[in-house]
Amino acid sequence: MAAARDILGRPVRDLRISITDRCNFRCPYCMPKEAFGPAHPFIAASRLMTGAELERIVRAFVGLGVEKVRLTGGEPLLRSDLSAIIRGIKAIGVPDVSLTTNGWFLAKQASQIRAAGLDRLNVSVDAIDEAIAGRMNGLGYRVARVLEGIDAAAQAGLRVKINCVVQNGVNDGEILPLCDYFRSRGHTLRFIEFMDVGNTNQWSLSQVVPAAEVVNRIAAKWPLEPVGPAYRGEVAARYRYTDGRGEIGIISSVTEPFCRDCNRARLSADGKLFTCLFASEGSDILGLLRSGSDDDALLKCVAGIWGARRDRYSDERAGILEAGAPRGKIEMSYIGG
Ligand code: SAM
C-alpha cells in the first residue's frame with residue numbers, strides 16, 4: 001500500500017507507543033499523585049498490548065510510511081519485556097527506534113536495551129537542583145541517580161537527548177544550570193513548553209514560559225544561533241551555541257504550534273490509536289486484532305483512520321479555550337508522551 005496522507009496532506013512517519021500507563025514518578029505536570037493514587041484505574045495487564053501484538057501493529061504502520069518508533073508511557077523501563085519489544089521492532093526494519101524515560105532504572109538497563117537494538121533515547125530531567133527535581137518528580141527522588149543513568153546510556157553507545165518541561169515559577173530558574181551541566185557533557189537539551197494535556201495537571205497559560213523567552217535567557221549567557229530543521233516535521237526548533245559547545249532544542253507547542261507538519265500517530269498501552277496528543281477518543285486497534293482480523297484488514301483500518309485525520313488542536317487551542325466548552329482529554333501517561 002502507498003504511503004498514507006491525511007486530509008491536510010500530512011504523511012505518517014512517526015509512531016509513539018505507550019507500552020505502559022504506569023510510572024514510578026508522580027510529576028505534578030503529568031501524573032499528579034492526587035489524581036494517580038492507589039485507586040487510579042490503571043490498565044490491567046491482560047489489556048496491555050503484548051510484544052507480538054505490538055509487532056503486528058508496527059508492521060502495518062511501516063507499510064504506510066512510518067520510519068520512526070518511539071516507546072514511551074508511563075515509564076517504559078517498567079516493562080519487563082522491554083528488550084524483547086525493542087528487538088521485535090528492530091527486526092521489522094524500523095530505521096529509528098527510540099525511547100523516552102525518566103531515567104530512574106536506566107543505569108541498570110542501558111546496555112541491555114542498547115544490545116536489543118535501541119538507537120537513541122530521551123531522558124526527562126527538569127532540574128539539576130535536588131530539591132527542585134524532587135518537587136518536579138512528585139516523590140522527592142534524587143536527580144543524581146538519573147544523571148548516573150544518562151552516563152551509563154552514553155557509555156553503552158546510545159545517543160542521548162534530555163527533555164525538560166519548563167514551568168514558570170517552579171523550575172524556570174533551572175534553565176541555565178541545566179544548560180551548563182549538559183553543554184559540558186555533549187547532550188542536546190530540549191526545553192518543552194508546559195502543555196495542557198490531560199485534565200489533571202491544573203494547566204494555566206501563566207505557567208508556560210514561552211519558547212522565545214527560554215532562548216533569550218540562554219542566549220544572554222551563551223550566545224546562540226538558529227540551526228535549520230534536520231527534516232520536515234521536526235518538532236524542536238534548534239539552536240547551536242556559537243562557542244561550539246553543542247545545541248539546544250525548543251518545543252513550542254503552545255506559543256508556536258506546528259500542527260501543519262505533524263506526522264505523528266500514537267498508540268495507547270491498550271492499543272487505541274490516536275492521531276493527536278489532545279484527542280478525546282481513539283480507535284481500538286488492539287480490539288480489532290484480538291477479534292481475529294488479519295494483517296490486511298489491520299493495514300486497511302489504520303490507513304482509513306489516518307486518511308480521515310483532520311485534527312490540529314494546538315493551532316485551534318486559543319479558540320477552544322476561549323469557547324470554554326468542557327472537553328475530556330486523554331492523559332499523557334495513557335496516550336504516551
Ligand atoms: N516516563 C517517561 C518520562 O518521564 O520521560 C516517558 C513518559 S513522559 C509522559 C514523556 C515526556 O512527556 C516527558 O519528557 C515529560 O516531561 C513530558 N510531559 C509530560 N507532561 C507534560 C506536559 N504537561 N507538558 C509538556 N510535556 C509534558
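Atoms within each ligand, like the ligands themselves, are counted from 1 in listed order. For this chain, numbers begin at 1 and follow the sequence in order.
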Trainee: If you measure only the distance, is there a donor-acceptor pair under 3.5 Å linking the side chains of R185 and Y181?
Mentor: yes
Trainee: Considering S124, P76, G73 one by one, which has a heavy atom nearer to atom 9 (C) of ligand 1 than any of the others?
Mentor: G73
Trainee: Please check if any side-chain donor atom of E331 sits under 3.5 Å from a side-chain acceptor atom of T200, or the reverse.
Mentor: yes
Trainee: May I ask you to identify the nearest protein heavy atom to atom 24 (N) of ligand 1, giving residue, atom name and distance to one decimal place in Å?
Mentor: M195 N, 2.9 Å
Trainee: Taking the minimum heavy-atom distance to atom 7 (C) of ligand 1, which of G74, S253, C30 ranks first?
Mentor: G74
Trainee: For ligand 1, which atoms sit closer than 4.0 Å to a heavy atom of E75?
Mentor: 1 (N), 2 (C)
Trainee: T101 heavy atoms, cut-off 4.0 Å: which ligand 1 atoms fall inside?
Mentor: 2 (C), 3 (C), 4 (O), 5 (O)
Trainee: Just by distance, do the side chain of D119 and the backbone of V97 share a donor-acceptor pair under 3.5 Å?
Mentor: yes
Trainee: What atoms of ligand 1 come closer than 4.0 angstrom to any heavy atom of T72?
Mentor: 6 (C), 7 (C)
Trainee: Would you call E281-K272 a salt bridge at under 4.0 Å N-O?
Mentor: no
Trainee: Return the residue, atom name and 0.1 Å-rounded distance of the protein heavy atom closest to atom 26 (N) of ligand 1.
Mentor: V165 CG2, 3.3 Å
Trainee: Below 4.0 angstrom from a heavy atom of N201, which ligand 1 atoms are there? Numbered from 1 as shown, please.
Mentor: 23 (N)
Trainee: Against heavy atoms of N163, which atoms of ligand 1 measure under 4.0 Å?
Mentor: 14 (O)
Trainee: What protein heavy atom is closest to atom 12 (O) of ligand 1, reported as residue, atom name and distance in Å?
Mentor: M332 CE, 3.2 Å
Trainee: Salt-bridge test for R240 and E247: reply yes if a basic N is under 4.0 Å from a carboxylate O, no otherwise.
Mentor: no
Trainee: Do R70 and D96 meet the salt-bridge criterion of a basic N to acidic O distance under 4.0 Å?
Mentor: no
Trainee: Give the numbers and elements of all ligand 1 atoms closer than 4.0 Å to a heavy atom of I192.
Mentor: 25 (C), 26 (N)
Trainee: Assess whether a salt bridge exists between D180 and K221, defined as any Lys/Arg side-chain N lying under 4.0 Å from an Asp/Glu carboxylate O.
Mentor: no
Trainee: So is E193 in contact with ligand 1, going by heavy-atom distances below 4.0 Å?
Mentor: yes
Trainee: Check step by step if side chain to side chain contact (heavy atoms under 4.5 Å, CB included) holds for V125 and I150.
Mentor: CA-CA 10 Å; V125 183; I150 293 171; 3.8 Å; yes
Trainee: Could you tell me whether R56 and D295 have a side-chain N and a carboxylate O separated by less than 4.0 Å?
Mentor: yes
Trainee: Using a 4.0 Å cut-off to any heavy atom of V197, which atoms of ligand 1 qualify?
Mentor: 22 (C), 23 (N)
